Amino acid sequence: MFESKSMIHLTTSLFCFPFAGGNVYSYRPLAQNISPTVPVVTFEPPGRGRRGQEPRLTDIDAMASDLTSQLAPSIQQPYALFGHSMGALVIYLATHKLMQNNLPLPRHLFLSGKGAPDQTSVEARWYTLPLEEFKQKLITLGGCPPAVANDRELMEYFAPIIRDDMRVVAEYQHAALPPLPVPITVLIGDQESTTLAQAWQWQKYTSRACRVVTYTGGHFFLFDHVDAIGTLIQATLAEA
């Protein structure tokens, strides 16, 4: 259940998991700004898009397990993982599951718009808001265009998915896990709720290098900087 760019001349593949409410197309703008030498694959969570007939998952561990099962057949070649917001937490937990099962680990984790696992996510708790307040929060966050938020039929479809995903993040109970032997790059916007201090807390979760890169913008800064982020990913994987 994924969308893939050209798989010719493989170097390191970039496997992505979407943010709350996202789907297989969520990172298409980013994928279009990464060289074809880095194949980009976005995995789709259950309950949306091509997996719309499957029940949505109700906890983050189940999401990580689902991603691990999707990844397993595809990780015999070098690869890296990218996740934004909810996606960052899912790929972090999925990497632990890969390690526990003695499967090949990613060469790098790109964690976007998310503080370390023990840091509170303010936006995740918006899932309890009444619909009108919820829509305004989504518009302010930058994750939902006003044209979509104000379309009744579209919101009848998307709002329950986004709410469920936010609830999954809000209800996550952090448990201590050993540091991953995988280097980490954390990306944040300078106007979002994730602070620089919260981003640097990811250093505790790796035994390798951790760096934080800040971009101008709010929580969905990545879509304003797809060219720069694409260049960063390519350069990082080339160094690895």
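The model shown is predicted, which means the values in this text are computed figures rather than measured ones. In what follows, every heavy atom counts, from backbone to side chain, and hydrogens, waters and symmetry copies are set aside. Quick note: residue numbers are just sequence positions, from 1.
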Residues [X] and [Y] bridged, charged N to O under 4.0 Å:
X: D164; Y: R48; result: no
X: E156; Y: R152; result: yes
X: R56; Y: D165; result: no

Within a strict 4.5 Å, meaning less than it, do heavy atoms of the L222 and L187 side chains meet?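 Heavy-atom side-chain distance check fails, nothing below 4.5 Å.
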Check for a donor-acceptor pair, side chain of [X] on one end and backbone N or O of [Y] on the other, with a separation under 3.5 Å.
X: D59; Y: V168; value: no
X: H84; Y: F220; value: no
X: T206; Y: Q203; value: no
X: E44; Y: R50; value: yes
X: Q70; Y: F43; value: no
X: N101; Y: L103; value: no
X: E133; Y: P130; value: no
X: Y172; Y: D61; value: no
X: R107; Y: A80; value: no

For residues S193 and E123, is any side-chain donor paired with an opposing acceptor at under 3.5 Å?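 On atom types as modelled, these side chains qualify, holding a pair under 3.5 Å.
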Are side-chain N/O atoms of H219 and T194 paired as donor and acceptor at under 3.5 Å?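 Note: H219 and T194 side chains miss the donor-acceptor criterion.
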Crowded around R125 CZ? As in, over 12 foreign heavy atoms under 6.0 Å?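 Check fails, neighbour count at 12 or below.
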Atom CD of residue position Q53 - does it have more than 12 heavy atoms of other residues, nucleotides or ligands inside 6.0 Å?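 At most 12 heavy atoms, drawn from other residues, nucleotides or ligands, come within 6.0 Å of this atom.
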Considering all heavy atoms of both residues, which atom of [X] and which atom of [Y] are nearest to each other, and what is their separation?
X: I60; Y: M86; result: CD1-CG, 4.2 Å
X: P181; Y: M99; result: CD-SD, 3.6 Å
X: C210; Y: V186; result: SG-CG2, 4.2 Å

According to a hydrophobic-cluster definition based on side-chain heavy atoms being under 4.5 Å apart (Ile, Leu, Val, Met, Phe, Trp, Tyr only), do M155 and I139 belong together?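 The answer is no; the residues belong to distinct hydrophobic clusters.
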Rounded distance (nearest 0.5 Å) linking atom [atom1] of [X] with atom [atom2] of [Y]:
X: T185; Y: I229; atom1: OG1; atom2: CD1; result: 11.5 Å
X: M166; Y: S85; atom1: CE; atom2: OG; result: 7.5 Å
X: D66; Y: L57; atom1: CG; atom2: CG; result: 5.5 Å
X: I184; Y: R211; atom1: CD1; atom2: CZ; result: 12.0 Å
X: F110; Y: T236; atom1: CZ; atom2: OG1; result: 4.5 Å
X: W202; Y: L111; atom1: CH2; atom2: CG; result: 4.5 Å

P106 pairs by side chain to side chain contact (heavy atoms under 4.5 Å, CB included) with which of I91, L14, T95?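 Answer after filtering I91, L14, T95: T95.
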Should the ring pair F82 and Y27 be called parallel, tilted or perpendicular, given that the plane angle runs from 0 to 90° and is split at 30 and 60?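 It falls in the perpendicular class, over 60°.
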For the pair Y215 and F221, name the ring-plane relationship: parallel under 30°, tilted 30 to 60°, perpendicular over 60°.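 The rings of Y215 and F221 lie parallel, inter-plane angle below 30°.
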